[in-house]
Amino acid sequence: MRLRSGLRFSSTEARRAIAAAAVVCAGLGAARVMAQSGAAAPSKEAIAETARQIDLLEKRVELAQSDQFYVVVDPNANKLVLMLHGAVLRDYPIEALQVGTPRIAFRQRHLADNWQGKVWGDGALVPARDIDRIEIVPPDSTKADSVQAYKPPPLPEEMYPVPARYHVRYAGGLSLEVRPHELDAMSLKWSQRMRNSWGLWYRDLRAAVAQHPEDVVRLRIVMKPEHAASFYRALPPSTRLLVLPRS
Amino acid sequence: MTASSPLANRRPTAAVHSGAARPARSRRAPRIFGGLGALVAVALGIAGAGTGYGYRDAPAESQVAPAIEIPSNPKELKQLQSKFDKRQKQLAAALLKKRPKNAYIVIDQTQNQLLLRKDDEVLLNAKVSAGSGMVLKETGGKGRKWVFDTPRGEFRVLNKVESPMWKKPDWAFVEEGKPIPRNPEERFEAGSLGEYALYFGNGFMIHGTLYERFLGRSVSHGCVRVGRDDLREVWRAAPIGTPIFIY
């Protein structure tokens, strides 16, 4: 047998070379199979964790594919993110995140199970943002004095005053309770702060002792006042919510 | 007391002998009731303080197992892990596909802000004017009604025009109390839309304005008015097909 380069091989040597190459390939393949079969099987806990991660990803994909605005609370990144179709519209840093449940005389009432990693719908602002619709009266072109001077509308800060505490209440009993940073509350007079405190305590007391509390779980989010105000003014109606688990 | 008085022969009580106004037994009763009342008040106060909503830091993920049957056989565990890995990759790819790959526009119509975003970065934050929300009713004629809202949702830049001419719709004449022209050429107006216009459907545009002093206020008829310098940035960064998210 002669190769193009002019080297000569006997047929026996060629057969031996081919056989050797086949043995090497077979050996490599077998080693790979053995390596795979020899790898340790994943633990049940690892499988369960992967299953949870997949469940969360499925929910995120479902939210991204729907046509509704949604809010993602990420306690790991300390962020609250408003999204649509997988795109981040606005993100707000969170300073603190706490979970609240109703209690009577220090005894906890029923706690909603699995509120993390679950999609909540029909979010509504409480108190709602009042939207006044002004009707334009067209001037009468036949009358010279019917045209009035233009009065510009107020700024959003003037149109939508933000309460000291507000909720975004979702169907099923979860609400986001948004509070500005406590330092901002210190700017109020002590009498006003006392009135606010007593008012809030009384409302919470009534809510907690109700036969069917409106808020089974409250997520208290503390933000800087400007972020809390921006979120209140900007939130679209009927948002959905996903709270990522803390890892 | 005289000898003839009916009380003269009456045996005096111990209370009279001691000089006290009431008997000892009846003196203890108000104290006991008073003490009990105070105890009850304190107990109610403590119970009241512990009634309402109790807050604690958000916990780590619930360890509730996902609703799948996890096998015990190592071979089946490996197969399940392999299946999960594949599913996880599919979902991650689906989520990534939904995210805008390049720069996109976000408009907050309540707070009159426009953001140019790319991934997690904000490239531009501009003050704009979105829809006023006012209502215009046509008196006489067809009795039509227009509501000047900027629509919510996801849109795309469909067309870009330099030095756009405004083709005034019917409401523009009704609002001014002027008759609607029969000649279509009488509807065109130059200069009022600024240097550029980016159309995103149904007659809505992002365009310039002659009224930059009103930026930040909701004064438009539904379009989004942008200041000259910011509009130039948007024009440069947003080719046709750029997503526009409005909330």
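All heavy atoms count here, side chains included; hydrogens, waters and symmetry mates do not. Per chain, numbering begins at 1; letters A, B, ... match sequence-line order.
- The most heavy-atom pairs under 4.5 Å with chain B, out of A/I54, A/D204, A/L205, come from A/I54.
- For B/F245, the ring-ring contact (aromatic ring centres under 6.0 Å, His included) partners two or more places apart in sequence, or in a different chain, are B/Y104.
- Using modelled atom types and a 3.5 Å distance limit, the side chains of A/D215 and A/S175 yield a donor-acceptor pair.
- Ring pair A/F231/A/Y92 is perpendicular by interplanar angle, where above 60° counts as perpendicular and below 30° as parallel.
- In terms of heavy-atom pairs under 4.5 angstrom with chain B, the leader among A/R60, A/R233, A/R218, A/Q98 is A/R218.
- Side-chain contact between A/Y232 and A/V178 is absent, with no heavy-atom pair separated by less than 4.5 Å.
- For the residue pair A/K44 / B/S72, a side-chain donor-acceptor distance below 3.5 Å is found, with atom types taken as modelled.
- Counting heavy-atom pairs under 4.5 Å between each of B/L77, B/V219, B/D85, B/D119 and chain A puts B/L77 at the top.
- Checking B/I244, B/I206, B/V224 one by one against B/L198, the side-chain contact (heavy atoms from CB on, under 4.5 Å) holds for a single residue, B/I206.
- Taking every heavy atom of both residues into account, A/R246 and A/L97 meet most closely at NH2-O, 4.2 Å.
- Donor-acceptor pairing under 3.5 Å is lacking for the side chains of A/Q65 and A/H85.
- Heavy atoms of A/P75 lying under 4.5 Å from chain B are absent altogether.
- Among the candidates B/M134, B/Q113, B/Q111, B/Q81, the residue making the largest number of heavy-atom pairs closer than 4.5 Å to chain A is B/Q111.
- Of the listed residues (A/E135, A/R129, A/M159, A/E157), the greatest number of heavy-atom pairs within a distance under 4.5 Å of chain B belongs to A/E135.
- Using cut-offs of 30° and 60° for the angle between ring planes, the B/Y53 and B/Y55 rings count as tilted.
- A donor-acceptor contact under 3.5 angstrom links the side chains of B/S218 and B/N112, judged on distance only.
- When heavy atoms are compared at a cutoff of 4.5 Å, B/V106 approaches chain A solely by way of its side chain, counted from C-beta outward.
- Heavy-atom pairs under 4.5 Å with chain B were tallied for A/P154, A/P236, A/S230; the largest tally goes to A/S230.
- Looking at B/V147, the atoms closer than 4.5 Å to chain A (heavy atoms on both sides) all sit in the side chain, from C-beta outward.
- Heavy-atom pairs under 4.5 Å with chain B were tallied for A/L219, A/L89, A/L235, A/D55; the largest tally goes to A/L89.
- Looking at B/R117, only its side chain comes within 4.5 Å of chain A, counting heavy atoms on both sides.
- At a 4.5 Å heavy-atom cutoff, the contact between A/E177 and chain B is made by side-chain atoms alone.
- For a residue to count as touching a neighbouring chain, one of its non-hydrogen atoms must lie under 4.5 Å from one of that chain's; by this rule A/L244 does not touch chain B.
- Heavy atoms of B/I105 lying under 4.5 Å from chain A are absent altogether.
- Interface residue B/F214: only side-chain heavy atoms are found under 4.5 Å from chain A.
- In this structure, chain A has a heavy atom under 4.5 Å from the backbone of B/P71, while its side chain stays farther away.
- No side-chain donor-acceptor contact under 3.5 Å links A/Q53 and A/T50.
- Contact of A/R90 with chain B is made through backbone and side chain together, with heavy-atom distances under 4.5 Å.
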